[in-house]
Amino acid sequence: MSEPLSTAAVTNHFIIALFGGLAHAINKHRNGESKNMTDFILLTIMSSFFGVLFGFIAISLYPNNEYLTMAVAGSGGWFGIESTGLLLNIIAKKIQK
């Protein structure tokens with residue numbers, strides 16, 4: 001069984017995912033896909049959630065590589081909801097083999 005995550009590690013991954021989600025929302029706003037401030041805030045929250053989710057998945061796969069897991073958290077936030085589609089495609093390909 002692995003060691004429990006420290007509060008600092010969880011906070012770091014959350015902040016990195018939040019910045020990834022914020023960058024995703026800014027990009028969508030610049031492209032005109034986010035119409036108002038409510039859309040912008042909700043998109044930031046959803047994208048950040050997926051970043052945190054991907055960060056925790058990465059921590060479970062690579063528990064001793066904090067920089068890699070933070071990069072995955074930020075990338076998951078940047079890709080946002082689209083990252084779920086990527087993950088499902090990877091899982092489907094592994095299952096079909």
Side-chain angles (χ1 to χ4, degrees):
M1 193 164 177
S2 64
E3 298 178 18
L5 292 175
S6 67
T7 304
V10 172
T11 304
N12 290 342
H13 285 80
F14 177 77
I15 290 171
I16 296 293
L18 180 66
F19 279 118
L22 184 62
H24 179 76
I26 289 170
N27 190 36
K28 293 288 185 180
H29 182 70
R30 286 182 179 166
N31 292 336
E33 297 175 39
S34 174
K35 304 292 187 241
N36 54 28
M37 190 56 88
T38 304
D39 289 343
F40 181 81
I41 292 170
L42 290 176
L43 185 58
T44 301
I45 291 170
M46 289 187 299
S47 298
S48 299
F49 170 76
F50 284 106
V52 170
L53 182 69
F54 271 70
F56 286 151
I57 290 170
I59 288 172
S60 69
L61 296 174
Y62 304 101
N64 298 325
N65 196 340
E66 187 175 353
Y67 295 117
L68 174 70
T69 57
M70 285 194 293
V72 170
S75 298
W78 167 254
F79 287 123
I81 299 167
E82 291 86 358
S83 62
T84 308
L86 295 171
L87 181 64
L88 291 176
N89 286 338
I90 291 170
I91 292 171
K93 287 179 184 176
K94 293 290 182 183
I95 291 174
Q96 290 175 356
K97 286 186 177 182

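Please read all numbers here as calculations on a predicted model, not as lab measurements. Counting from 1, the numbers follow the sequence of the chain as shown.
- Between atom CD1 of residue I59 and atom CG of residue N65 there is a gap of 11.0 Å, rounded to the nearest 0.5 Å.
- For E33, the salt bridge (charged side-chain N to carboxylate O under 4.0 Å, His left out) test picks out K28, with sequence neighbours left out.
- Taking a 6.0 Å sphere around CZ of F40, one finds it holds more than 12 heavy atoms contributed by other residues, nucleotides or ligands.
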Take L43 and D39, measure what side chain to side chain contact (heavy atoms under 4.5 Å, CB included) needs, and give me the verdict at the end. CA-CA 6 Å; L43 185 58; D39 289 343; 6.0 Å; no
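- The minimum heavy-atom distance linking S47 with G21 is given by the pair CB-CA, 3.6 Å.
- In this structure, the side chain of H29 engages the main chain of S34 through a donor-acceptor pair within 3.5 Å.
- Closest of all the heavy-atom pairs between A17 and G51 is CB-C, 3.6 Å.
- For L88, the side chain to side chain contact (heavy atoms under 4.5 Å, CB included) partners at least two apart in sequence or on another chain are T84.
- No chain of hydrophobic side-chain contacts below 4.5 Å, direct or via other Ile, Leu, Val, Met, Phe, Trp or Tyr residues, connects W78 to F19.
- Hydrophobic clustering (side-chain heavy atoms under 4.5 Å, transitive across Ile, Leu, Val, Met, Phe, Trp, Tyr) groups L53 together with L68.
- Between the NZ atom in K94 and the CD1 atom in I91 there is a gap of 11.0 Å [rounded to 0.5 Å].
- Formation of a donor-acceptor pair under 3.5 Å by the H13 side chain with backbone atoms of A9 is found in this model.
- There is no path of hydrophobic side-chain contacts, each under 4.5 Å, that joins I90 to I95.
- Residue T11 holds its OG1 atom at 6.0 Å from CD1 of I15, rounded to the nearest 0.5 Å.
- Going from atom CG of N27 over to atom CG of N31 covers 5.0 Å, rounded to the nearest 0.5 Å.
- Between M46 and I81, the shortest heavy-atom distance links the atoms CE-CD1, 3.9 Å.
- I26 and M37 fall within a single hydrophobic cluster, where Ile, Leu, Val, Met, Phe, Trp and Tyr side chains are chained together by heavy-atom contacts under 4.5 Å.
- Between the side chain of N12 and the backbone N or O of A8 there is at least one donor-acceptor pair closer than 3.5 Å.
- Taken from CD1 in I41 to CG in L22, the straight-line distance is 10.5 Å, to the nearest 0.5 Å.
- To the nearest 0.5 Å, the span separating CZ on F54 from CZ on F49 amounts to 10.5 Å.
- Hydrophobic cluster membership is shared by V10 and V52, with clusters built from Ile, Leu, Val, Met, Phe, Trp and Tyr side chains linked at under 4.5 angstrom.
- Heavy atoms only, all atoms of each residue included: T44 and A25 are closest at OG1-CB, 3.1 Å.
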